[in-house]
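Remember, it's 1-based here, ligands and their atoms both numbered in the order they're listed. Below, each value reflects all heavy atoms present in this structure, side chains not excepted, and no hydrogens, waters or symmetry copies.
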Amino acid sequence: MPTKIEKDSITGTDTTGHEWDGLKELNTPLPKWWLWTFYATIVWGIAFVIIYPSFPYWRGTSGWIAREAIVAEMAEVRAQQEPMLARLREATPAAIAADPELRAFAVAGGRVAFANNCAGCHGAGGQGAQGGYPALVDDDWIWGGSLEAIQHTIRHGIRSNESDEQRQSMMPRFGADGLLTPAQINDVTEHVLSLTNRATDAAAAGRGAEIFAEQCASCHGERGEGNREFGGPRLNDQVWLYGSSRDQIAAFIRNPRMGVMPSWQGRLDPAVINMLTVYVHALGGGE
Ligand code: HEC
Ligand code: HEC
């Protein structure tokens with residue numbers, strides 16, 4: 001199509017030369033302010049590329065790198081916290097708990113460290129989880145709820161095979177290894193149920209009581225009150241790690257599952273372990 005640029009008689013502006021069925025298009029120039037803004041963004045863009053790191057291997061003339069800035073900022077925060085962390089590292093948990101300032105810092109820091117390292121197994125608020133993860137908010141302790149006991153558990157772990165001082169004890173596999181017959185397992189299950197007044201077969205529970213005294217009392221206590229030395233949980237309360245039903249208890253006796261908790265010594269700063277100790281102790285069940 002031939003193009004013919006002409007002046008529009010009404011606006012005085014050039015046309016583009018395009019014509020469709022008698023309709024012509026005006027070639028209105030861009031407003032000056034828009035053009036200048038546009039040029040300014042181009043200049044700004046070029047300057048940005050030069051000053052800041054914009055391409056691989058180009059660090060920019062300013063030398064400012066977002067990642068390095070964050071690292072420096074974190075180092076500064078850490079340096080600010082360092083005196084406090086040093087005090088928390090040196091002090092015993094008992095001394096921290098007795099000092100209001102240290103205690104407040106430890107509980108706040110312990111809450112964060114707990115969310116990062118422990119909540120996955122013990123629940124966000126330390127309420128525990130079915131399948132062997134004990135609640136840390138109650139006063140039902142497998143290994144002990146004093147500051148020292150809690151700290152020992154956190155440092156060395158439980159059956160973690162990561163520390164010589166780990167908490168260790170294994171319940172025999174009474175069914176899987178044929179130490180008790182199915183009938184005996186039924187009887188001792190009935191006795192365990194009787195500890196919380198749930199037995200339905202008194203004769204079986206009576207037979208089970210003898211088995212319990214021989215096979216179980218050493219780790220769980222004569223009345224099922226638990227034994228912290230062997231990490232044998234209480235069996236005469238409402239708190240169950242692996243389920244409270246008859247089937248769950250019998251299945252456990254047949255083939256027990258031993259919970260594992262990692263050792264945190266070496267993974268966490270001693271100051272953080274102290275903060276966690278005080279935090280867990282303060283959750284409500286501390287002794
Ligand atoms: C991989 C899962 C896991 C993680 C992560 C974990 N724990 Fe545990 N924790 C366990 C298990 C399982 C037990 C119970 C072991 C047993 O049956 O004796 C336990 C037991 C404990 C106990 C002893 C409770 C008692 O009744 O005596 C304390 C205290 C404890 N954990 C604190 C912590 C803290 C603090 C952290 C974070 C630094 C943590 N745990 C992280 C699995 C875990
Ligand atoms: C060598 C010590 C030991 C002996 C002996 C032992 N247990 Fe255990 N038992 C444990 C430990 C340790 C646990 C906890 C496992 C864990 O925390 O992961 C446990 C857990 C249990 C549980 C689960 C508790 C819960 O809260 O879910 C039951 C039920 C139980 N034992 C019954 C018995 C019975 C019945 C016998 C005797 C036939 C027996 N145990 C003998 C060490 C022992």
- Top protein contact for atom 15 (C) of ligand 2, by heavy-atom distance: M258 CE, 3.5 Å
- Query: Can you tell me how far the CD1 atom of I158 sits from the CD atom of Q168, to the nearest 0.5 Å?
  - Reply: 10.5 Å
- Message: Taking Y242 as the starting point, is it possible to reach I249 by hopping between hydrophobic residues whose side chains are less than 4.5 Å apart?
- Response: yes
- Query: So is R234 in contact with ligand 2, going by heavy-atom distances below 4.0 Å?
  - Reply: no
- Query: Can you tell me which residue and heavy atom of the protein come closest to atom 41 (C) of ligand 2, and the distance to 0.1 Å?
  - Reply: F174 CE1, 3.5 Å
- May I ask you to check whether T200 and E190 show a side-chain donor-acceptor distance below 3.5 Å? yes
- Message: What's the separation between atom CG in D138 and atom CD in Q238, rounded to the nearest 0.5 Å?
- Response: 12.5 Å
- Task: Identify, by atom number and element, the atoms of ligand 2 in contact range of R257, meaning under 4.0 Å from any of its heavy atoms.
- Result: 18 (O)
- Looking only at protein heavy atoms, what sits closest to atom 26 (O) of ligand 1 is I142 N, 2.7 Å
- Minimum-distance protein heavy atom relative to atom 5 (C) of ligand 1: N117 O, 3.4 Å
- Query: In Å and rounded to the nearest 0.5 Å, what is the CD to CZ distance from Q184 to F174?
  - Reply: 10.5 Å
- Of the backbone atoms (N, CA, C, O) and the side-chain heavy atoms from C-beta on, which set of W264 has a member under 4.0 Å from an atom of ligand 1: side chain, backbone, both, or neither? side chain
- Message: Using the side-chain hydrogen bond (donor to acceptor under 3.5 Å, both in side chains) criterion, which residues pair with R198? Sequence neighbours excluded.
- Response: T196
- Could you go step by step and tell me if R167 and T153 meet the side chain to side chain donor-acceptor pair (under 3.5 Å) rule? CA-CA 7 Å; R167 303 218 185 260; T153 303; 2.8 Å; yes
- Query: Step by step, would you call E25 with W20 a side chain to side chain contact (heavy atoms under 4.5 Å, CB included)?
  - Reply: CA-CA 9 Å; E25 189 185 12; W20 294 272; 3.9 Å; yes
- Item | Shared hydrophobic cluster for M258 and L241 (ILVMFWY, side-chain gaps under 4.5 Å) | yes
- Enter the distance from R254:CZ to T189:OG1 here, rounded to the nearest 0.5 Å. 7.5 Å
- One checks atom 8 (Fe) of ligand 1 and counts protein N, O or S atoms under 2.8 Å, reaching 2
- Would you say S62's side chain and Y52's backbone share a donor-acceptor pair under 3.5 angstrom? no
- Query: Can a non-hydrogen atom of G120 be found less than 4.0 Å from any atom of ligand 1?
  - Reply: no
- From CG (L195) to CG (L235), nearest 0.5 Å: 6.5 Å
- Task: Would you mind telling me if ligand 2 is within reach of the side chain of M170, the backbone, both or neither, using heavy atoms under 4.0 Å?
- Result: backbone
- Expected output: side-chain H220 to main-chain R234 donor-acceptor under 3.5 Å: no
- Task: Before accepting this row, confirm whether a basic side-chain N of the pair R89/E82 lies closer than 4.0 Å to the acidic partner's carboxylate O.
- Result: yes
- Message: Taking salt bridge (Lys or Arg N to Asp or Glu O under 4.0 Å) as the definition, give me every residue that meets it alongside R207, ordered by chain and number, with sequence neighbours left out.
- Response: D187
- Query: Roughly how far, to the nearest 0.5 Å, is the NE2 atom of H152 from the OG atom of S263?
  - Reply: 9.5 Å
- Check: L241 N/O within less than 3.5 Å of ligand 2 N/O: yes
- Closest heavy-atom contact between W264 and N117? CH2-O, 3.5 Å
- Note on the structure: ligand 2 atoms nearer than 4.0 angstrom to some heavy atom of S169 are 12 (C)
- Short version for L276: what comes under 4.0 Å of ligand 1, heavy atoms counted, is side chain
- Is atom CZ of R59 surrounded by more than 12 heavy atoms (other residues, nucleotides or ligands) closer than 6.0 Å? no
- Just jot down the ligand 2 atoms closer than 4.0 angstrom to any heavy atom of P172, in number order. 4 (C), 5 (C)
- Atoms in ligand 2 with a heavy atom of R159 nearer than 4.0 Å: 12 (C), 18 (O)
- What's the shortest distance from atom 27 (O) of ligand 1 to any protein heavy atom, and which residue and atom give it? W143 N, 2.8 Å
- Message: Please confirm whether G231 approaches ligand 2 to less than 4.0 Å, judged on its heavy atoms.
- Response: yes
- Query: Counting only heavy atoms not in E225, do more than 12 sit closer than 6.0 Å to its CD atom?
  - Reply: yes
- Keeping the roles fixed (side chain from Q248, backbone from S244), state whether a donor-acceptor pair exists under 3.5 Å. yes
- Message: At a cut-off of 2.8 Å, what protein N/O/S atoms sit near atom 8 (Fe) of ligand 2?
- Response: M171 SD, H220 NE2
- Message: As an exercise, identify every atom of ligand 2 less than 4.0 angstrom from a heavy atom of F230.
- Response: 12 (C)
- Which ligand 1 atoms, with their elements, are less than 4.0 angstrom from a heavy-atom of G144? 27 (O)
- Message: Does ligand 2 come near enough to Y242 that some N or O of the ligand is less than 3.5 Å from an N or O of the residue?
- Response: yes
- Item | Heteroatom proximity flag, G259 to ligand 2, N/O under 3.5 Å | yes
- Item | Residue W141 vicinity, atoms of ligand 1 by number, heavy atom under 4.0 Å | 24 (C), 25 (C), 26 (O), 27 (O)
